[in-house]
Amino acid sequence: MQTDIDEIADGIYRLSTYVADVGPDGFTFNQFLISADEPLLFHTGPRRMFPLVSQAIGRILPLERLRWITFGHIESDECGAMNQLLAAAPQAQVAHGTLGCMVSLNDLCDRPPRALVDGEVIDLGGKRVRHIDTPHVPHGWEARVLFEESTGTLFCGDLFSHTGPCPALTEGDIVGPALQAERLFQATALCTHTAATIRRLATLEPQLLALMHGASTKVSCGESLLRLADAYQAMVEGGAAR
Ligand SMILES: [Fe+2]
Ligand SMILES: [Fe+2]
């Protein structure tokens, strides 16, 4: 396995590791590094991927400069390596929503995390990230996404996940492949508020959707969020047939 690095927006790096034996045609595990006065990582990758991910970070900036460790929800690919990163970067701190800290991270993190309220911004110095609570979207009570204001980047986490090898950025449709993967994995918590939560993300008017699994895109971002919301609404109304 190898971890590829692409700068997909000014100062925003996608670290991507393709794992061939997940799903029918493999699956990418992506982390995003925001280079700023206070560098921030979104998704740590699984614990066993730490050697690859930490080396990739080190090709962009000294690992010990990492200041913020963030992710969408509590799963190994989201945060499995957080304590290894805390050990490697002495100034680093996990930042997550208040609920996630209360339920899990105050206990799981080797150093106390910073708890954020919905809409709270961290000024990274050159970049600004807004924390947005999205409970149970795509899954997990503590789920959240992150929006970088200067580039209009929405870090979507598992939203729009799709399988297979892929480029860092695509101009193709990401909704169709996401719905295909949804039928395969059935990973999304289909709730009465799922569609409304995703539609609210479209009001941010994102210019870049940064996906944890699959290709990111700068094309039709708001429209893709609305189409994804419509598809989930139809599943909920149709009795969750995917
Ligand atoms: Fe997940
Ligand atoms: Fe994931």
Side-chain angles (χ1 to χ4, degrees), residues 8 14 16 19 22-30 32 42-43 71-78 97 99-100 103 118-119 130-148 152-242:
I8 57 172
R14 173 185 184 266
S16 183
V19 180
V22 176
D25 51 358
F27 207 43
T28 49
F29 290 80
N30 308 319
F32 296 94
F42 192 66
H43 314 140
F71 42 86
H73 47 271
I74 317 294
E75 280 177 341
S76 71
D77 59 349
E78 298 268 356
L99 181 76
V103 172
D118 188 33
R130 196 187 313 171
H131 156 79
I132 301 166
D133 283 323
T134 60
H136 301 290
V137 178
H139 44 241
W141 187 18
E142 73 288 351
R144 45 88 72 127
V145 295
L146 208 56
F147 182 66
E148 200 290 305
T153 302
L154 181 64
F155 296 96
C156 296
D158 287 333
L159 287 172
F160 296 105
S161 287
H162 52 270
T163 68
C166 59
L169 286 167
T170 181
E171 296 191 353
D173 175 43
I174 59 166
V175 179
L179 295 175
Q180 211 175 336
E182 183 64 51
R183 281 189 286 275
L184 184 69
F185 295 126
Q186 306 200 1
T188 302
L190 293 175
C191 305
T192 50
H193 67 270
T194 304
T197 302
I198 297 172
R199 286 185 187 118
R200 204 164 57 243
L201 298 178
T203 67
L204 297 166
E205 299 183 359
Q207 303 302 304
L208 168 59
L209 300 176
L211 275 57
M212 184 185 204
H213 308 286
S216 297
T217 190
K218 297 181 178 178
V219 176
S220 307
C221 297
E223 183 196 325
S224 294
L225 284 161
L226 295 176
R227 285 174 55 214
L228 188 70
D230 288 348
Y232 285 135
Q233 182 171 345
M235 289 178 203
V236 170
E237 291 174 354
R242 294 177 209 241

Exercise. When you look at H43 and D77, which way does the side-chain contact (heavy atoms from CB on, under 4.5 Å) test go after all the steps?
Worked result: CA-CA 7 Å; H43 314 140; D77 59 349; over 6 Å; no

For this session: Would you indicate whether the side-chain heavy atoms of F29 and S16 approach each other to under 4.5 Å?
Result: no

Exercise. Nearest heavy-atom pair of D133 and G97: which atoms, and what distance?
Worked result: OD1-CA, 4.2 Å

Exercise. Within a strict 4.5 Å, meaning less than it, do heavy atoms of the E171 and K218 side chains meet?
Worked result: no

Exercise. Do the non-hydrogen side-chain atoms of F32 and I8 ever get within less than 4.5 Å of each other?
Worked result: yes

For this session: Please name the pair of heavy atoms, one in I198 and one in Y232, separated by the smallest distance, quoted to 0.1 Å.
Result: CD1-CD1, 3.6 Å

For this session: Kindly determine whether E78 and H73 satisfy side chain to side chain donor-acceptor pair (under 3.5 Å), including the steps that lead there.
Result: CA-CA 6 Å; E78 298 268 356; H73 47 271; 3.2 Å; yes

Exercise. Any sub-3.5 Å donor-acceptor pair from H139's side-chain atoms to A187's backbone N or O?
Worked result: yes

Problem set entry | From T163, D158, T28, N30, residue fulfilling side-chain hydrogen bond (donor to acceptor under 3.5 Å, both in side chains) relative to H213 | D158

Problem set entry | Shortest non-hydrogen contact from S161 toward A181 | O-CB, 3.3 Å

Problem set entry | Distance-minimising heavy-atom pair for V145 and L154 | CG2-CD1, 4.0 Å

Exercise. Below 4.0 angstrom, N of the basic side chain to O of the carboxylate: do R227 and D173 qualify?
Worked result: yes

Exercise. Is there a donor-acceptor pair under 3.5 Å between the side chain of T194 and the backbone N or O of P138?
Worked result: no

Problem set entry | Euclidean distance, L204 CG relative to F147 CZ, rounded to 0.5 Å | 5.0 Å

For this session: Mind listing the closest non-hydrogen atom pair of H162 and A215 along with its distance?
Result: NE2-N, 3.0 Å

Exercise. About how many Å separate CZ of F71 and CZ of F155, when rounded to the nearest 0.5 Å?
Worked result: 15.0 Å

Exercise. Any side-chain heavy-atom pair from L169 and T217 closer than 4.5 angstrom?
Worked result: no

Problem set entry | Non-hydrogen side-chain atoms of Q207 and T153 separated by less than 4.5 Å | no

Exercise. What distance separates L146 CG from H131 NE2, expressed to the nearest 0.5 Å?
Worked result: 8.5 Å

Seminar exercise, completed: Looking only at heavy atoms, the pair that brings A168 and R14 closest together is CA-NH1, 3.3 Å

Exercise. Is any side-chain heavy atom of E182 closer than 4.5 Å to a side-chain heavy atom of T188?
Worked result: yes

For this session: State the CG-OG1 distance between L201 and T134, to the nearest 0.5 angstrom.
Result: 7.0 Å

For this session: Would you check if L228 and L179 make a side-chain contact, meaning some heavy-atom pair closer than 4.5 Å?
Result: yes

For this session: Find the distance between NE2 (H136) and OG1 (T192) and round it off to the nearest 0.5 Å.
Result: 10.0 Å

For this session: Could you grab the distance from atom OG of S220 to atom CD1 of I174, nearest 0.5 Å is fine?
Result: 9.0 Å

Problem set entry | Side-chain heavy-atom pair S216, L209 within 4.5 angstrom cut-off | no

